[in-house]
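To start, the structure under review is shown below, and the notes come after it.
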Amino acid sequence: MSVTDTQATACSGGLPEVNRERGQRQVFCGLAGIVWLHRKIQDAFFLVVGSRTCAHLLQSAAGVMIFAEPRFATAILQERDLAGLADCNQELDRVAAEILERRPDIKTLFLVGSCPSEVIKLDLAKAAERLSDAYRGRVRVLDYSASGLETTFTQGEDACLTSLVPELPAGSAGERSLLVLGTLPDVVEDQFARLFAELGIGPVHFLPPRHATDLPPLGSATVVLLAQPFLGETARALQRRGATLLTAPYPFGIEGTLGWLRAAADAWGIPAARLETVTAPAIARAERGLARQRELLAGKRITFLPDSQLEIPIARFLQRECGMELVEVATPFVDRQLMESELAWLPSGVRLSEGGDVDRQLDRVRTDRPDLTVCGLGLANPLEAEGLRTKWSIELVFTPVHGFDQAADLAELFARPLVRGALLRV
Ligand code: SF4
């Protein structure tokens with residue numbers, strides 16, 4: 001992609017101005033999402049239809065999962081496949097058959113598209129239909145694209161969950177239920193389930209579920225609360241099936257988690273005093289944990305490069321609860337519908353950019369010299385070599401960071417490189 005324009009636009013309602021930038025970007029593609037999705041949905045298999053590059057990316061991104069039973073693989077389209085798409089389809093059917101025979105525990109098979117041209121020519125939706133017919137009653141076969149041409153790394157989850165929406169069973173019109181949207185580590189999901197139960201909110205379902213055979217019901221009585229800010233397409237697909245979306249901040253830090261729970265409590269008519277009583281012990285624990293990290297972070301200057309789409313809520317947490325100074329907050333997309341509550345919490349005058357032009361952004365980092373830059377893996381090493389401290393944004397999706405009990409861990413992710421930098425200087 002080439003640089004085409006830079007323009008500033010004002011959000012409505014006194015929200016911060018967004019500077020739109022377009023140009024070259026350096027981000028992982030949506031295949032990275034398989035690493036946390038396969039860990040969450042325990043009876044799903046992700047078959048990437050791609051090239052050797054895709055296989056290498058998955059292997060290195062998933063290197064951290066060395067002890068897990070792998071439930072992902074890459075069907076590599078060799079050059080001979082280019083001769084005819086029929087061969088590719090046969091090859092795909094053969095690989096799928098092999099996997100399903102070897103792994104009878106698999107109940108959902110995702111065919112994941114990538115960006116090589118031979119994959120783009122292959123109709124994966126048709127292939128999923130064909131395989132669904134072949135394995136009907138035993139395995140559900142779905143498809144989505146994680147191509148680097150269409151997705152940044154967190155959008156892979158959005159595309160995956162969107163493909164699940166048509167599969168959700170119809171919920172009964174009368175019974176109101178809460179659907180929490182976005183992958184959460186099981187331990188965090190359990191904490192939230194306990195809080196909702198204590199508040200008297202329920203039934204509560206989570207998407208994605210731990211088992212693909214256990215899909216939550218969906219209908220006009222479904223109320224959706226987003227746990228991750230990068231799931232706009234899934235949220236809109238749920239709305240099209242009648243669900244109502246709650247406006248809330250994201251559950252990062254004490255303030256965000258409390259606001260998130262309050263949105264659900266208000267929808268269920270739970271009195272404010274009850275919310276206060278139920279959350280008080282967890283808030284007290286979180287405040288104690290955060291105090292130490294705040295000492296390390298307060299007054300430090302931070303820049304976010306556009307990568308994970310978590311930038312705005314995390315910046316809000318670091319500025320309001322940890323006392324950091326926001327030099328620049330750049331994010332791949334600003335989805336105003338999903339960011340309404342978060343944008344209102346950013347300080348006025350913050351430098352907020354959407355999209356990306358990696359060269360201009362790096363120039364600004366070099367001029368600003370923030371204490372910490374949050375960025376993708378590919379940009380971290382060159383910046384470190386210039387004496388600038390960095391934090392990999394991908395850690396935000398591999399680490400439990402949501403909720404009261406993880407607030408201090410979230411802050412510590414940012415304090416650690418500063419402490420290490422100070423030690424190196426000594
Ligand atoms: Fe690279 Fe595209 Fe494969 Fe992602 S999907 S690893 S960007 S070739």
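Ligands are counted one by one from 1 in listed order, and the atoms in each one are counted from 1 as well.
- Around atom 3 (Fe) of ligand 1, the protein atoms of type N, O or S that sit closer than 2.8 Å are Cys54 SG.
- Checked against a 6.0 Å centroid threshold, the rings of His38 and Phe72 count as neighbours.
- In this structure, a donor-acceptor pair under 3.5 Å is present between the side chains of Thr183 and Glu157.
- Using modelled atom types, no side-chain atom of Arg351 and backbone atom of Leu326 make a donor-acceptor pair closer than 3.5 Å.
- A salt bridge links Arg210 to Asp190: at least one charged side-chain nitrogen sits closer than 4.0 Å to a carboxylate oxygen.
- Arg236 and Asp335 are joined by a salt bridge, as a carboxylate oxygen and a charged side-chain nitrogen come within less than 4.0 angstrom of each other.
- Taking a cutoff of 4.0 Å between a charged side-chain nitrogen and a carboxylate oxygen, Arg366 and Asp363 qualify as a salt bridge.
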